[in-house]
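Written below as C-alpha cells is the structure these notes are about.
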Number of protein chains: 2
Amino acid sequence: MTTTSPQGRTELLRPDGSPVRVLVVDDELSITELLSMALRYEGWQIRSAGDGTGAVQTAREFRPDAVVLDMMLPDMDGLAVLGRLRRELPDVPVLFLTAKDAVEDRIAGLTAGGDDYVTKPFSLEEVVARLRGLIRRSGAADRRSDSMLVVGDLTLDEDSHEVSRAGENIHLTATEFELLRFLMRNPRRVLSKAQILDRVWSYDFGGQANVVELYISYLRRKIDAGREPMIHTRRGAGYLIKPAAS
Amino acid sequence: MTTTSPQGRTELLRPDGSPVRVLVVDDELSITELLSMALRYEGWQIRSAGDGTGAVQTAREFRPDAVVLDMMLPDMDGLAVLGRLRRELPDVPVLFLTAKDAVEDRIAGLTAGGDDYVTKPFSLEEVVARLRGLIRRSGAADRRSDSMLVVGDLTLDEDSHEVSRAGENIHLTATEFELLRFLMRNPRRVLSKAQILDRVWSYDFGGQANVVELYISYLRRKIDAGREPMIHTRRGAGYLIKPAAS
DNA sequence: CTGGAACCTGTGATTTTCCTGAGAAACGCA
DNA sequence: TGCGTTTCTCAGGAAAATCACAGGTTCCAG
C-alpha cells in the first residue's frame, strides 16, 4: 500500500498499514547510523546489528521486511549470514553492500533470487531506491504500488529508467536520473544543496559543492528546455520541483 | 492460467488460482537454497529435501506440481527415489539434475515419459524454463498458457527455440537464446550485468563480467542489425529490451 | 548605484563504461 | 580424429559521463 503523507511524499506501507521494517547489518557504526537515519526518514522502522550473530538474533524477533547486509563482517562471512537468515526468514529480500572491487567474484548467484546489491561507497538515494524496489517486488508491500513517479506532465519510471515530459522521451545520465528522482520524490519541497549532496552523491564524495548547481543546470536543459519551468531556485535555500501550472 | 503481475512479469498459476508447488531435492544445501530462491522469485511455492527418504515424505504431504530431483543422493539411487515418488504422485513431472559426465542413456529413457533433465552446473534461466515447460505440459497449469514470448515484432518460442524478427527467422546459439529469453521475460526493465550473469550463466561461472557485453553485442548483430534497435544500454545501470516503436 | 554573494554555465581534462576484433580453448559431431 | 561451431579472454579504442575551474549573470543589501 502506498499513502501520500501530508508533506506530499509517498510512503511504502505493509498491507496492514504498519510501517515497513528493515534490518541493517554492518560492522562500521558510521554506516549503520547513516543508513538508519536515512531509512527512518523514509518512514520505515529500523533495527541494526554489527555482526552476523547479532543479525540472526535480531532478525528472529524483529521479523524485518527487508535486510541490508554488508558482505564483510567480522565474525562470519556474508554468505554464511545469508544462509542463517534464510532459515529464519525464507522470503525476505536482501540488499547486499559490497566493496567496489569485490563485486564480481562473490556476488554470483546472489541477485538470482530477486536480491540486489550496491557497492560501497553508495549514495543514499540508491540504497533507498533499491530497497523500495525489493520490498515492492517481494510483496511485503501492497502490489498496487508501482514504479512510476509523476509530477505534472513529467514522469519517471524506476524500472525502465525512462523519463518523459509531455510524452516526449528524455535521456538522462545516471547522476541526472538520481537527482531528478530525489527531486520528484519530494515535490514542492525545497531541498538544500547540502541535502542533495548527502542523498544523491556517495557518502565519500569530496568534491566541490557546485556539482549540484551543475547537474541542476543539466537537468534544466533537458527537462525545462523551451517549456514552462518545473525546477525552481530558491536563492539561499535550495531547489524544488513542482508542476508547471501553479 | 497465466496472470501478469504488476511488475509486468507473467506468472504460472494452477487452475484454481493458487501458486504452483515445486519440490526441490538435492543433498547440497547451496543448490537447494539457490534453486529455492530463484523459484520462489517466480512466484512458486517451494519445499526442499536433502535425501530420498525426505523427498518421498515431503512429496506425500506437499503434493507438488513438479519435482526437481538430483540423481546423486546419499541414501538412495535417483531411480529408486523416482520409483517411490511415482507411487505417491503418478503424474507429477520430474526435472532431473545430473552431473555433466553422467551416463546419458539412463536419463534418455526416463525423459521419454515427459520428464526432462538439465546437467550441472546449470543456469537458473534454464531450470526455470524447463520447469515451466514441464508444468505447462502436465496440465497442472492452464493449458492455454503458451510458449511464445513476444516483444514488438520480435518473437521467441520456448518450445521450438525459434526466434524471428519481423517474420524473418534468426539463428541463435544456446547462450544467445537464453540471454534473449531473459531479456524478453523482463521487457522494459533495466537488468544489471550482475542480474544477467546470475540468471543466464551457470552458477559456477567464474569469468569476466564482460561476457555479458560480448553477448549483448552478438545479439544486437543478429536482432537489431539494420533495424530500429530494441536492445538498449543504460550506461551505469544495465540493459533492457523494448519494442522498437516507443 | 555599487559591491558582494549566490547562482549559472561553457570548456575541457580525467575517468569510467562500454563495444568489438582477434584469437585461444572447449565442445559437438561425423 | 578432425573440422566447424560456440564460448570466452584479452586488449585497444570509442564514447559517454563526471567533475573542476573560471568567467559571467542575477539578485539583494546598503
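Chain letters run A, B, ... following the sequence lines, proteins first and then strands; every chain starts at 1. Bear in mind that the values here come from a model prediction, so they are computed numbers and not experimental data.
When ring centroids are compared, His232(A) and Tyr239(A) stay outside the 6.0 Å threshold. Separation of the Phe122(A) and Trp201(A) ring centroids does not fall under the 6.0 Å cut-off.
For Met148(B), the CE atom is densely surrounded, since the number of other residues' heavy atoms within 6.0 Å is greater than 12. Within a 6.0 Å radius of CE in Met76(B), more than 12 heavy atoms belonging to other residues, nucleotides or ligands are found.
Rounded to whole Å, the distance from CD1 on Ile196(A) to P on dA6(C) is 16 Å. Whole-Å rounding puts the Leu197(B) CG to dC8(D) C1' distance at 12 Å. dT16(C) atom P lies 18 Å from atom CD of Glu176(A), rounded to whole Å. Atom-to-atom, CG of Leu179(A) to C1' of dA17(D) comes out at 15 Å; the value is rounded to the nearest Å. Per the geometry, CG belonging to Leu172(A) stands 10 Å off P belonging to dA17(D), to the nearest Å. Nucleotide dT5(D) holds its C1' atom 18 Å from the CZ atom of Phe177(B), rounded to whole Å. Between the CZ atom of Phe205(A) and the P atom of dA17(D) there is a distance of 18 Å, given to the nearest Å. When rounded to the nearest whole Å, the span between CG of Leu219(A) and P of dT9(C) equals 12 Å.
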List the protein contact pattern of nucleotides 19-24 of chain C with one symbol per nucleotide (5' to 3'): B for base contact, S for sugar-phosphate-only contact, - for none; contact means a heavy-atom distance under 4.0 Å.
-> BBB---
Could you go step by step and tell me if Asp159(B) and Arg137(B) meet the salt bridge (Lys or Arg N to Asp or Glu O under 4.0 Å) rule?
-> CA-CA 11 Å; Asp159(B) 282 345; Arg137(B) 283 191 292 276; 3.6 Å; yes
List the steps, then state whether salt bridge (Lys or Arg N to Asp or Glu O under 4.0 Å) holds for Glu158(A) with Arg189(B).
-> CA-CA 9 Å; Glu158(A) 303 206 61; Arg189(B) 167 172 301 164; over 6 Å; no
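When the side-chain nitrogen and oxygen atoms of Thr175(A) are compared with OP1 and OP2 of dT18(D), one or more of them lie within a distance under 4.0 Å. Regarding contacts with the backbone of dC19(D), a side-chain N or O of Trp201(A) is found under 4.0 angstrom from either OP1 or OP2. Regarding contacts with the backbone of dA16(D), every side-chain N or O of Thr173(A) stays at 4.0 angstrom or more from both OP1 and OP2. Residue His171(B) has a polar side-chain atom (N or O) positioned under 4.0 Å from OP1 or OP2 of dT6(D). Under 4.0 angstrom from either OP1 or OP2 of dC8(D) there lies no side-chain N or O belonging to Gln208(B).
Judged purely by atom type and a 3.5 angstrom limit, Ser123(A) uses its side chain to pair as donor or acceptor with the backbone of Glu126(A).
Judged by distance alone with a 3.5 Å cut-off, no donor-acceptor contact links the side chain of Arg235(B) to the base of dA17(D).
Listed nucleotides: dA20(D), dT6(D), dC7(C). Nearest to the side chain of Lys193(A): dC7(C).
Take the nearest nucleotide of DNA chain C for Gly236(B) and for Arg234(A): the residue whose nucleotide is more 5' is Arg234(A).
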